[in-house]
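Report on the following structure.
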Amino acid sequence: MLEKNYNPKDFEEKIYADWEQSGDFKPDMRANKDNFAIVIPPPNVTGVLHMGHALDDTLQDILIRYNRMQGKNVLWQPGTDHAGIATQMVVERNLAKQGISRHDLGREKFIETVWKWKEQSGGTITKQLRRLGASCDWSRERFTMDEGLSRAVRKIFVNLYKDGLIYKAKKLVNWDSKFLTAISDLEVVQKETLGKMYYYKYPIEGEEGEFIHIATTRPETMFGDTAVAVSAKNEKLNHLIGKNCIIPIINKSIPIIADDHADPEKGTGAVKITPAHDFNDFEVGKRHNLPLVNILNPDATLNENTPYAGMTTLEAREKTIAKLTELGVMEKIEDHPMVIPYGDRSGVIIEPLMTDQWFVDAPTLAREAIRVVENGEMQFVPKSYEKTYFEWMRNIQPWCISRQLWWGHQMPIWYGPDEHIFCEENEEEAQAKADKFYGKHVELRRETDVLDTWFSSGLWAFSTLGWPDKSEYLDKFYPTSVLVTGFDIIFFWVARMMMMSMYAMKRIPFKKCYIHGLVRDEKGQKMSKSKGNTIDPMETIEKYGADALRFFMAAMETQGRDINMSESRIAGYRNFATKLWNAARFCEMNECKSIKDFDETSAKLAINKWIIAKAKLATKEVTDNLDAYRFSEAANAVYQFVWGTFCDWYIELSKPVFYGEDESQKAETRAVAAWVLDRILLILHPFMPFITTELWNNTATRDVKLIHAQWIKNETIDTNALTEIDWAIDLISSIRSLRAEMNIPAATKLVVKLKGANAQSQNSLKALENIICSLARLENIECVADNYAITPDMVQNVFKEATLLLPLKGVVDFSAERERLNKELANLNKNIEGYARKLSNASFVERAPAQVVEEEKRRQAEALANKEKIEEALARIANF
RNA sequence: GGGCGCUUAGCUCAGCUGGAAGAGCAUCUCGUUUACACCGAGAGGGUCGGGAGUUCGAACCUCUCAGCGCCCACCA
């Protein structure tokens, strides 16, 4: 017995526990079937589920369940990411509350603390994924710092190193002065800020009273200047090229050089060159062999190469300006809108800094990764994202992979006494190589840097499946079927997976990459903790059920667009679940038990044949749309069928049967209703796994669990079964509409005389009389002999057939109707003119497809007939 | 500067191959009826951002103008 009220909390968690305990999420490895696999984008191990995950993982679960129901061998590979900086940051913050810094603990103790934190909070997000209904194979859960995955990381690293694709270099990198580490270009966010432009002048050496005018936004970097550049084409200034100028305050002489980096149109036309602190200047410096003067400490304070050692850049800037003013070389200060780089995690200004770092030769790795997208081996859905991908990949820069952090994969690099590098998968091998290299035992020192988190994420598609070991999972499931992720992750992850997979496996990591948008708040604003506009998916689930949230995500997911949260809409989908719940109760109350191996094609009754055809059409629609990754279309197809067709019409149409006398009709209708409900649960299951399973367990008699029930493809559909009932529905709708328009009370039973009607329609009417009278609240309906026939599409709007309906009971005011008919008539006249014009257009008649012309003629004829009828109707009601 | 996308009902958005404009929510009217008021029936509401072009036919294709958003790069 179903409870009276739909209450998802009663069963959602229970059902999930059953699935997981019964091993329903595990692939059947013995079976020789088609394989389908998705690797989950690993959430941060210590994170909590947000709406972005809810979207991402709902879409994946839909695909997973849909494919599982097609009898495929399905694996959804779950796991979490160690998220280097993010996790280290959280743990450091916790320690800070106790007044402890990571340096107090030391590296080993600190890492231990992080592991403890991981043990303690690491299960949160996976629990939340379960609550959402994600049918991952949890027995295979992986973590990027697992022994197996770490081994994969070391192996790839060593291979890349030995292939010359990883190298160490002293380069200008993005330096995060809060975390004291280098970060990659992608982890830098540019922010629009209103800054200032400072204009001042450097005296020309040996020429009293001569100056070169400089403009800069960062005067404090002048102590690192090693040249001033002027374009050779700059007529006003190029006479200074070759001379020297003096940096004030420190009185250092630097050359004035010719370089086109100095745009005569910008600033003063002369640019101070600070090669150690600016990416452009670095390039200029390389071209001219300029010395590098580093003026910053790692914490972004100025160092002893400046007069202001120990000061922050802002403090030093103040000092510098004051001093320049005092020296009389300061000219002016202007407001200047500019873009300043910040660390995406630390939020501090990122300084370009010269340091030793490790790089992956991304441009080389990108070549294969580009090729397999160009030739269509890996396809983006929507396709337009491949442009974004190409754009980035074709301009890719070496990837800085070393991080001066503690939490992460420590690089498999050892240094000998003379700094000779040994790169091996483990310490023993490195030691052996070193001993051999030096001809004696030596002490090795391991590189302390760890790898960028995305290095290990890049291996995720194959490392989780068991690589570098031989693995059945790898054989069956690699390349995986599809990767589902947000557009903001294309560069961070998709691109790197492509590069790493093409390098390590020589094969693509996934055949398709489905990219979705962001989940925003109701107003379309990006959700963020700082704005306080985040919505916790767990609270939404608590309030409306996981099914409602999932359906919302699916129904809103249209390719290439962001999703705005809408509580009213989620409520709407909870209502949808309630509706289905009540429809199932209706079936239960009328003893609609599903019959094992019921042959639905044996149904005789028109309404039953009709709903069966409709159900099959809905199935096809869902199937086609899911195959094309059109989630919203698929979801809406089920929604429309369940609510608009099954509940609104079929249940109502079945009532006269259930409340009638004919037992054989009743029996058939019971079986068919049960069959349809069964079908609904089947096609709705990927979207709403909980309610469908709960109902299935209560109503279905099939001895298979819904999660494994067979999806039905390529059925034959008896579309002829649609006509009669569709006609009746149009008729009923029209009568209802007319009744409302004419203000006839619902209680008033009408007598309807249907004028015309050919033999077939008369038969239909006879057969469906009960239904039509009951649903349209009629006393009776009868056909009146006449000279024109009724076809289903003629009854689309009864107003066009106004003479068909003559209310005999109740007082009816026709004035509104008269007005309406007159309007209709005017419209019709306009249309008739239009048709005539079109049909007399020789170009149209000759060039449009014959059927289109026919259609136009048919419409013209119809319009003319309608016109006649309306005129007739007007004449009739003239007496009222 | 380069790229991508958006503009359709009051709101949020669908609309796939060019063939008589759709959904949900909101609004208004009415509710006989035992699956459901988290409901039912009905209604109103659109110059598909503006303009031009291609076509027998354009929300859809082309050009153009305007507005909005995102990504990348740069800005002394």
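Letters A, B, ... are given to chains in the order of the sequence lines, protein chains preceding strands, and every chain is numbered from 1.
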Is the phosphate of [N] approached by [X] (side-chain N or O, under 4.0 Å from OP1 or OP2)?
{"X": "N575(A)", "N": "C39(B)", "answer": "yes"}
{"X": "W643(A)", "N": "G40(B)", "answer": "yes"}
{"X": "K387(A)", "N": "G3(B)", "answer": "no"}
{"X": "S632(A)", "N": "C13(B)", "answer": "no"}

To the side chain of [X], which of [options] is closest?
{"X": "T578(A)", "options": "C38(B), A43(B), A41(B)", "answer": "C38(B)"}
{"X": "N625(A)", "options": "C16(B), C70(B), C38(B)", "answer": "C16(B)"}
{"X": "M556(A)", "options": "A41(B), A35(B), U12(B)", "answer": "U12(B)"}
{"X": "E391(A)", "options": "C36(B), G2(B), A43(B)", "answer": "G2(B)"}

[atom1] gap between [N] and [M], integer Å:
{"N": "A59(B)", "M": "G49(B)", "atom1": "P", "result": "10 Å"}
{"N": "U29(B)", "M": "G45(B)", "atom1": "C1'", "result": "15 Å"}
{"N": "G53(B)", "M": "G18(B)", "atom1": "C1'", "result": "16 Å"}
{"N": "G44(B)", "M": "A37(B)", "atom1": "P", "result": "28 Å"}
{"N": "C48(B)", "M": "A14(B)", "atom1": "C1'", "result": "13 Å"}
{"N": "C39(B)", "M": "C6(B)", "atom1": "C1'", "result": "37 Å"}
{"N": "G40(B)", "M": "G57(B)", "atom1": "P", "result": "44 Å"}
{"N": "U7(B)", "M": "U47(B)", "atom1": "C1'", "result": "15 Å"}

Kindly say whether, by distance alone, the side chain of [X] makes a donor-acceptor pair under 3.5 Å with the base of [N]?
{"X": "S568(A)", "N": "C25(B)", "value": "no"}
{"X": "R569(A)", "N": "C25(B)", "value": "no"}
{"X": "E633(A)", "N": "C16(B)", "value": "yes"}

Applying a 4.0 Å non-hydrogen cut-off, can you work out what [X] is touching in the nucleic acid: base, sugar-phosphate, or nothing?
{"X": "R561(A)", "result": "sugar-phosphate"}
{"X": "N564(A)", "result": "sugar-phosphate"}
{"X": "M589(A)", "result": "sugar-phosphate"}
{"X": "T388(A)", "result": "nothing"}
{"X": "C587(A)", "result": "nothing"}
{"X": "R736(A)", "result": "sugar-phosphate"}
{"X": "D488(A)", "result": "nothing"}
{"X": "T558(A)", "result": "sugar-phosphate"}
{"X": "Y659(A)", "result": "sugar-phosphate"}
{"X": "E588(A)", "result": "nothing"}
{"X": "Y573(A)", "result": "nothing"}
{"X": "K579(A)", "result": "base"}
{"X": "A262(A)", "result": "base"}

Which label fits [X] and [Y]: parallel for a plane angle under 30°, tilted from 30 to 60°, or perpendicular past 60°?
{"X": "F551(A)", "Y": "F576(A)", "result": "tilted"}
{"X": "Y629(A)", "Y": "Y514(A)", "result": "parallel"}
{"X": "Y650(A)", "Y": "F646(A)", "result": "parallel"}

Should [N] form a Watson-Crick or G-U wobble pair with both distances under 3.5 Å, which nucleotide is its partner?
{"N": "U33(B)", "result": "none"}
{"N": "U55(B)", "result": "none"}
{"N": "G69(B)", "result": "C4(B)"}
{"N": "A26(B)", "result": "none"}

In whole angstrom, give the distance that lies between atom [atom1] of [X] and atom [atom2] of [N].
{"X": "I563(A)", "N": "G69(B)", "atom1": "CD1", "atom2": "C1'", "result": "17 Å"}
{"X": "L186(A)", "N": "C71(B)", "atom1": "CG", "atom2": "C1'", "result": "11 Å"}
{"X": "E567(A)", "N": "A26(B)", "atom1": "CD", "atom2": "P", "result": "13 Å"}
{"X": "D281(A)", "N": "C74(B)", "atom1": "CG", "atom2": "P", "result": "13 Å"}
{"X": "N395(A)", "N": "G1(B)", "atom1": "CG", "atom2": "P", "result": "18 Å"}
{"X": "I651(A)", "N": "A41(B)", "atom1": "CD1", "atom2": "P", "result": "12 Å"}
{"X": "Q559(A)", "N": "C13(B)", "atom1": "CD", "atom2": "P", "result": "17 Å"}
{"X": "R630(A)", "N": "C16(B)", "atom1": "CZ", "atom2": "C1'", "result": "5 Å"}

Side-chain touch I321(A)/I333(A), heavy atoms, less than 4.5 angstrom: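 Counting from C-beta outward, I321(A) and I333(A) do come under 4.5 Å.
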Check: E187(A) and N174(A) side chains under 4.5 Å, non-hydrogen atoms: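 The answer is no; the side chains never approach within 4.5 Å.
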Residue mapping more 5' on RNA chain B - nearest nucleotide basis, R585(A) or R777(A):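 In this pair, the answer is R777(A).
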Residue whose nearest RNA chain B nucleotide is more 5′ - S733(A) or Q640(A):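 Looking at RNA chain B, the more 5' nearest nucleotide goes with Q640(A).
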Side-chain (D562(A)) to main-chain (L518(A)) donor-acceptor, under 3.5 angstrom: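 Present.
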Atom pair CG (D185(A)) and CZ (F279(A)), whose distance is rounded to the nearest 0.5 Å: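 It comes to 6.5 Å.
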Side-chain donor-acceptor pair present, T388(A), E391(A), cut-off under 3.5 Å: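 No, no side-chain donor-acceptor contact under 3.5 Å.
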Residue pairs passing the side-chain hydrogen bond (donor to acceptor under 3.5 Å, both in side chains) test where at least one lies in residues 541-554 of chain A, sequence neighbours excluded: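 Non-adjacent pairs meeting side-chain hydrogen bond (donor to acceptor under 3.5 Å, both in side chains): K9(A)-E542(A), D61(A)-R550(A), K543(A)-E567(A), Y544(A)-E567(A).
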